[in-house]
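Take this structure, written in structure tokens, and hold onto it; I'll ask about it next.
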Amino acid sequence: MAHSERNAVINPRSVVSLISRLRNARGQADPYPIIKEIREMGEVVPAPWGAQLFTSYELCDKVLRDHKSWRALDDQWRTRRADGRWGAPSATELSTVLQGLNPPEHTRARRSVGNIFDRRTLEKLRTPIAATVEELLDNLEERIREEGEADFSVLVSEELTIAAMGHWLGIPRADYALVRSLSHAHIYAQELLPTPSQLATANVGMLGMREYFTNLVKERRENPGDDVISGWIRTWDELEPDRESADHHVYLLVMFIVGAALETTSTLLSNLVWTLDQHPDQRAWLLENPHEVPRAVEEVLRFDPPVHVTTRAAARDTVVAGVPIARDEIVHTLIASANRDPDRNTDPDTFDIRREGGHLSHLAFGGGIHYCIGAGMARMEAQLLLSAVIRRFPTLRVSAQPQWEPRVAFRHYTALPVTTG
């Protein structure tokens, strides 16, 4: 059946039912049978909230790379569509950060950041991050020894992510818990179908993030140094004659980068442990071949990416796979579906560290001008942690069913109990 014919017989309400199933405990534990159901409806699946779901690797890749045809949800788009979730304060704030900008605004903001995680920077960060990994695994080992099990997500994944970003940006250690909680609240603004209570939580998180990072930028303005934020202030002083405007741009950069890192990398780190636990043969092979850790990280990113859904809007009226899509209409790229598209990856539901292609076989970091700015940092954290885990805890195993936030777009663990022996 042609895609256009298949779409014609789809009841869009069935999509809502599938999304609801993704939010419950069973769907969170294994969302991929449900995602497969959606993909089998076609490359383009209509949703009753006035959007289309793109399910294939080819279409998702095209959307992410073609910023002229598929636009980020910037402030102009939100002005035209300022209804419901799209007009919420936490959502409109996102239209002013890098992920919500389109050229030429995106080009200007992206150039102001520079290549923040180049090889030299990552090598400089490697030693302190590796030391943090060892410290956190010491804590994990002690907790397991005392109590028999420990929460890997809470003790390691969450802590490593904020510690890495905090060290890089100079965030006081005493503020780590606050920043993390605000970020977790704000992320609901990017949920696929957020509830009113989730949007209210996101608004509170956004206001807290704005207050905290505005004050942090102000402190660096008053006490400049040889640090990342002070450098961005100097850059924006050259771009913006008005210092208040310059500081606002720096705030947006810091808030976006911290929030994006905390909500994705922590999930990736826990995914490493959970996925290997569920595939003992692959885990055993990795223990014998620790030099293959980078390939293992890439396969985890393909097999279960932290971000399952991203969103764009059509720049003009168009037709995709026989489906008319109007200007400003929303399209959701189902990254989790694309990564398991059998037309892209052979036997896609099989976790295989030795899979050919590696980083070329997934869209976990997006694509095009909005390719994840912190991909290098996330990969380094994941590789350092996984190398240390298989070295120090060869018998580590998940001791109880993990727990997740009831999210669809951004996966997030609330508990990952582990033990040894």
Side-chain angles (χ1 to χ4, degrees), residues 14-41 53 55 140 148-158 161 184 187-188 190-195 197-198 262-283 296-297 299-310 332 334-342 345 347-353 362-364 382 385-386 389 396-420:
S14 64
V15 176
V16 174
S17 175
L18 290 170
I19 298 299
S20 296
R21 286 167 55 196
L22 284 173
R23 283 203 177 94
N24 64 34
R26 185 174 179 180
Q28 289 293 303
D30 185 8
Y32 288 96
I34 302 170
I35 291 169
K36 185 177 182 180
E37 284 189 54
I38 298 174
R39 185 172 61 248
E40 290 178 344
M41 292 179 175
L53 309 179
T55 65
L140 183 76
E149 68 174 14
D151 191 330
F152 191 92
S153 176
V154 171
L155 291 178
V156 180
S157 302
E158 297 277 356
T161 310
H184 287 344
I187 198 63
Y188 279 115
Q190 299 188 60
E191 184 49 47
L192 186 59
L193 292 174
T195 65
S197 63
Q198 287 174 334
L262 298 190
E263 296 308 317
T264 56
T265 307
S266 62
T267 299
L268 168 61
L269 300 180
S270 291
N271 274 351
L272 297 173
V273 172
W274 172 237
T275 304
L276 287 169
D277 180 84
Q278 296 301 292
H279 299 85
D281 57 332
Q282 293 287 304
R283 184 173 177 275
V297 170
E299 177 64 352
V300 169
L301 283 164
R302 182 202 69 82
F303 190 75
D304 190 10
V307 180
H308 278 200
V309 182
T310 60
H332 301 294
L334 271 59
I335 304 300
S337 172
N339 283 2
R340 295 202 185 190
D341 184 346
N345 288 299
D347 199 10
D349 293 324
T350 297
F351 178 72
D352 182 6
I353 297 172
H362 69 74
L363 297 173
L385 178 62
L386 183 54
V389 166
L396 188 75
R397 61 181 176 83
V398 176
S399 54
Q401 180 68 28
Q403 301 298 315
W404 290 267
E405 285 275 1
R407 301 179 184 171
V408 175
F410 282 67
R411 296 272 279 166
H412 181 68
Y413 290 80
T414 57
L416 180 60
V418 297
T419 189
T420 54

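Just so you know, these numbers use all the heavy atoms, side chains as well, and skip hydrogens, waters and symmetry mates.
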Between Ser337 (side chain) and Ile35 (backbone), is there a donor-acceptor pair under 3.5 Å?
no
Report the C-alpha distance between Gln28 and Arg411 in whole Å, list the side-chain angles of each, state the deciding distance to 0.1 Å, and finish with yes or no for side chain to side chain donor-acceptor pair (under 3.5 Å).
CA-CA 8 Å; Gln28 289 293 303; Arg411 296 272 279 166; 3.2 Å; yes
Side chain Arg302, main chain Arg340, donor-acceptor under 3.5 Å:
no
Is any side-chain heavy atom of Arg407 less than 4.5 Å from a side-chain heavy atom of Tyr188?
yes
Listed by chain and number, what are the side-chain contact (heavy atoms from CB on, under 4.5 Å) partners of Thr414, not counting sequence neighbours?
Gln403, Glu405
Check for a donor-acceptor pair, side chain of Asp151 on one end and backbone N or O of Leu416 on the other, with a separation under 3.5 Å.
yes
Counting the benzene-type ring for Trp, do His308 and Tyr32 have ring centres under 6.0 Å apart?
yes
Do the ring planes of Phe351 and His279 sit parallel (below 30°), tilted (30 to 60°) or perpendicular (above 60°)?
tilted
Parallel, tilted or perpendicular, judged at 30° and 60°: which one describes the rings of Trp404 and Tyr413?
tilted
Picking from Thr275, Thr350, Asp352, Asp304, what satisfies side-chain contact (heavy atoms from CB on, under 4.5 Å) with Glu299?
Asp352
Exactly one of Val156, Val389, Thr420 should register a side-chain contact (heavy atoms from CB on, under 4.5 Å) with Leu140. Which one does?
Val156
Which one of Thr55, Asp341, Leu363 satisfies the side-chain contact (heavy atoms from CB on, under 4.5 Å) criterion with Leu334?
Thr55
